[in-house]
Amino acid sequence: MIENIRKTLAKYWGYDNFLPLQEEAMACIARRRDSVVVLPTGGGKSLCFQAPAVAMSGLAVVVSPLISLMKDQVDALAQCGVPAGRIDSSISSEQRMTVLNGIRNNKFKLLYLAPERLVSDDFLQVLRKINLSFVAIDEAHCVSMWGHDFRPEYRQLGSLKRLFPGVTIAAYTATATEQVRRDIAEQLGLDKPKMLIGSFDRPNLVYKVRQRGSILKQVRDVLDRHSSESGIVYCIKRKDVDRMCAQLAHKGYSVAPYHAGMEDVDRKKSQEMFINEKVDTIVATIAFGMGIDKSNVRYVIHAGMPKSLEHYQQESGRAGRDGLEAECDLFYSGGDYGTWKFLMKDMQPEAQKIAMVKLSEMYSYCTGGICRHKTILRYFGQNLDNANCEACDVCLGELSHIDDALVTGQKILSCIARLDQRSGSNYTALVLTGSREKRIIENNHDTLSTYGLLSDYSKDTVHNWIEQLVGQDYIEKTGEYNVLTITEKGRRVLNGQETPRLLKPVKRPTRISRVAADSWDGVDHGLFEALRKLRKTLAGKKGVPAYVVFGDAALRDMARRRPSTPTGFLEVKGVGEMKSKQYGKTVLTAIKAYCTANSLETDVID
Ligand code: ADP
């Protein structure tokens with residue numbers, strides 16, 4: 001059976017190999033064993049159930065929480081030549097009848113449904129009459145209260161095993177915690193499920209963290225590196241979204257806003273323009289993202305700090321689903337920490353305690369100078385084997401450790417002590433840099449022995465070091481005004497028993513990550529751009545998103561191999577028989593024209 005599946009993968013999707021754990025996940029379905037598959041975003045979960053569904057007899061039912069997700073997947077399957085249908089509240093009764101007839105006549109291999117519909121009495125009668133191959137449950141963490149997106153309607157899926165005794169269930173999620181995994185198996189009543197847990201590392205994502213300065217400029221710098229590519233800018237508040245969006249539009253960037261305060265139609269319009277590549281960048285609150293399957297998001301910028309690493313991993317994880325390099329930039333400030341802390345003040349004590357721990361860990365991620373990949377993985381209980389990830393600001397050498405971190409740390413901590421542990425980080429930085437601000441003079445703080453001790457540095461640099469010391473637990477921010485107090489650990493620094501890590505940005509050209517270098521290897525950039533334009537035209541004609549026609553990875557492979565024949569075209573990763581039939585002629589003509597005009601060799605074989 002697995003050989004059949006492998007052939008299906010090549011024929012319909014144009015892929016020769018499995019991604020990690022895909023083969024094992026597919027084998028479970030083929031052997032009719034229940035499974036819980038945990039893979040990160042972009043790990044290729046959809047294919048784990050789509051390929052077996054095509055290779056096996058009967059119809060597979062896929063449960064999905066969002067109409068947009070179902071629509072996207074059914075459209076993408078149609079492009080690959082796989083007959084799939086969906087029934088949801090957005091389709092007309094006529095369309096619904098057509099799908100129901102299709103089910104009865106065995107026309108589909110996959111059927112996408114919302115959970116409540118699957119277990120409705122009417123539908124159960126339909127399903128009882130057909131050959132149900134298996135049930136796949138996408139976004140399975142929605143069944144668990146421990147997850148970040150509990151949906152009560154998912155709970156009804158607990159009756160599936162009773163309603164269809166012996167049916168194989170495969171559950172998929174990108175949510176990593178052990179508790180959620182166990183809960184999924186329990187709530188769905190799975191029978192000795194195989195737990196397949198992938199690595200949570202996303203080596204193609206380049207993580208960068210900087211303290212927020214002139215945020216418009218910082219965001220523009222990233223956008224300028226990705227001219228006419230798709231990306232997301234997340235802001236914490238709606239009004240920040242509106243402001244940022246207006247400023248970027250004013251500067252000529254192609255942007256659209258998205259937040260929960262907008263009218264439904266406007267929000268939908270923004271989303272569609274982004275998906276169909278009519279705008280490059282969406283500026284949004286975290287209301288945007290769930291249900292967006294766009295595979296070629298090349299950058300995700302956070303203009304403010306998220307409240308936990310789970311949130312950060314999820315939001316930044318929307319970049320680079322296609323496995324190609326993508327950039328995740330986070331611009332934080334000590335103020336973000338204060339904002340979240342303020343918003344958490346009315347929580348129940350127990351929940352507040354947990355939220356605060358998560359917030360501190362997020363803050364440590366920002367201020368700590370440790371490999372970002374390693375920090376995120378460790379948070380999810382996994383390890384990174386490589387000493388250098390070659391895909392974060394720390395490992396790419398964009399930050400450097402200062403030489404005299406112990407002495408600098410001691411100067412900062414002594415100043416906090418001299419200020420009787422009653423000042424915030426901004427004020428402390430002013431004193432350390434010898435500011436002549438009125439309030440400092442009035443408070444006589446210009447007479448302290450620590451006044452001006454770090455006057456060789458800018459206030460922002462010193463402020464940043466203070467935040468780094470907070471992130472490493474040498475200083476704590478207490479009370480309503482986030483007053484700095486020295487912790488036990490901080491005392492060890494004062495006594496010279498422990499050295500903190502203090503970083504400063506290095507001014508040098510940004511080095512390219514290893515993944516970026518690899519994925520552009522041999523690719524003709526001009527041809528890639530030409531094919532991108534062609535893809536957009538083809539997608540417009542079909543009324544589907546551009547990435548559904550071909551992913552960026554497929555376009556790069558075309559611009560690398562530059563095939564001149566249909567056989568050569570089928571060799572391209574991500575080109576299956578159906579896509580070759582539909583687009584082969586047009587694309588081959590475009591490749592030929594470009595290669596002739598630019599005297600480029602064709603049919604490059606690796
Ligand atoms: P997930 O649902 O886990 O986020 P997807 O199913 O959307 O991931 O897959 C992510 C990307 O990887 C898609 O562009 C998909 O076409 C691609 N992909 C999936 N399986 C393979 C494979 N075996 N080889 C190459 N690319 C693959």
Side-chain angles (χ1 to χ4, degrees), residues 12 29 45-143 149 151-164 167-173 187-188 264 268 271-272 275 290-293 542-545 548 578:
Y12 291 89
I29 295 180
K45 289 185 284 299
S46 331
L47 254 75
C48 291
F49 54 84
Q50 289 170 345
V54 177
M56 289 163 79
S57 66
L59 173 82
V61 166
V62 183
V63 178
S64 179
L66 288 178
I67 294 174
S68 59
L69 277 177
M70 298 193 220
K71 183 173 179 316
D72 215 37
Q73 295 218 354
V74 171
D75 284 351
L77 285 166
Q79 289 295 308
C80 296
V82 175
R86 66 184 164 105
I87 298 188
D88 59 50
S89 54
S90 76
I91 64 170
S92 66
S93 52
E94 251 169 48
Q95 287 169 314
R96 190 181 138 92
M97 281 314 292
T98 315
V99 177
L100 285 172
N101 279 333
I103 298 172
R104 287 191 197 101
N105 298 325
N106 303 323
K107 273 176 81 180
F108 298 121
K109 294 307 301 179
L110 294 114
L111 174 69
Y112 283 74
L113 290 174
E116 61 278 18
R117 197 175 298 265
L118 171 57
V119 291
S120 70
D121 287 340
D122 289 358
F123 215 80
L124 288 173
Q125 289 189 13
V126 177
L127 289 181
R128 286 214 173 90
K129 292 190 194 125
I130 61 151
N131 173 9
L132 180 64
S133 51
F134 64 91
V135 177
I137 301 180
D138 210 1
E139 312 287 352
H141 55 272
C142 294
V143 79
D149 191 23
R151 290 175 181 242
E153 51 299 359
Y154 258 68
R155 275 286 154 95
Q156 301 173 26
L157 296 172
S159 58
L160 271 179
K161 281 280 180 183
R162 187 169 39 78
L163 295 166
F164 297 97
V167 71
T168 310
I169 298 183
Y172 301 86
T173 179
Q187 296 297 335
L188 295 174
D264 270 3
K268 204 160 165 237
Q271 177 164 325
E272 276 171 8
I275 288 177
M290 174 74 167
I292 306 293
D293 249 352
K542 290 260 169 181
V544 293
V548 164
M578 186 69 177

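Atoms considered below: every heavy atom in the structure, side chains included; atoms not considered: hydrogens, waters and symmetry mates. Everything quoted here is computed from the prediction, not taken from an experiment.
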Dump the intermediate steps for side chain to side chain contact (heavy atoms under 4.5 Å, CB included) on Asp121 and Gln125, then the final yes or no.
CA-CA 7 Å; Asp121 287 340; Gln125 289 189 13; 5.6 Å; no

Test item: [X] and [Y] side chains (from C-beta on) under 4.5 Å apart, heavy atoms:
{"X": "Gln79", "Y": "Lys542", "answer": "yes"}
{"X": "Phe164", "Y": "Val135", "answer": "no"}
{"X": "Thr98", "Y": "Lys107", "answer": "no"}
{"X": "Arg128", "Y": "Leu163", "answer": "yes"}
{"X": "Tyr154", "Y": "Gln187", "answer": "no"}
{"X": "Gln73", "Y": "Ser46", "answer": "yes"}
{"X": "Val82", "Y": "Gln50", "answer": "no"}
{"X": "Pro115", "Y": "Gln156", "answer": "no"}

Look at the side chain of [X] and the backbone N and O of [Y], then say whether any donor-acceptor pair between them is shorter than 3.5 Å.
{"X": "Lys161", "Y": "Val167", "answer": "yes"}
{"X": "Ser159", "Y": "Arg162", "answer": "no"}
{"X": "Lys109", "Y": "Met56", "answer": "yes"}

Worked verdict on Leu69 versus Glu139 for side chain to side chain contact (heavy atoms under 4.5 Å, CB included)
CA-CA 10 Å; Leu69 277 177; Glu139 312 287 352; 3.9 Å; yes

Heavy-atom neighbours of Tyr12 OH exceed 12 at 6.0 Å:
no

Identify the heavy atoms of [X] and [Y] that sit nearest to each other, and give their distance.
{"X": "Tyr112", "Y": "Val74", "answer": "CD1-CG2, 3.7 Å"}
{"X": "Cys48", "Y": "Ile29", "answer": "O-CD1, 3.6 Å"}
{"X": "Leu118", "Y": "Leu124", "answer": "O-CD2, 3.5 Å"}
{"X": "Ala140", "Y": "Thr173", "answer": "N-CB, 4.2 Å"}
{"X": "Leu100", "Y": "Phe123", "answer": "CD2-CE1, 4.1 Å"}
{"X": "Gly58", "Y": "Ser133", "answer": "C-OG, 4.0 Å"}

Decide yes or no on side chain to side chain contact (heavy atoms under 4.5 Å, CB included) for Val548 and Asp72, but give the supporting numbers first.
CA-CA 8 Å; Val548 164; Asp72 215 37; 4.3 Å; yes

Partners meeting side chain to side chain donor-acceptor pair (under 3.5 Å) with Asp88 (sequence neighbours left out):
Arg86, Ser90

Identified side-chain contact (heavy atoms from CB on, under 4.5 Å) partner of Val63 from the options Val119, Leu113, Leu157:
Leu157

Going from [atom1] on [X] to [atom2] on [Y], what distance comes out if it is rounded to the nearest 0.5 angstrom?
{"X": "Leu132", "Y": "Leu160", "atom1": "CG", "atom2": "CG", "value": "9.0 Å"}
{"X": "Leu110", "Y": "Met70", "atom1": "CG", "atom2": "CE", "value": "13.0 Å"}
{"X": "Lys71", "Y": "Leu66", "atom1": "NZ", "atom2": "CG", "value": "14.0 Å"}

Please lay out, stage by stage, how Val143 and Ile137 fare under the test side chain to side chain contact (heavy atoms under 4.5 Å, CB included).
CA-CA 10 Å; Val143 79; Ile137 301 180; over 6 Å; no

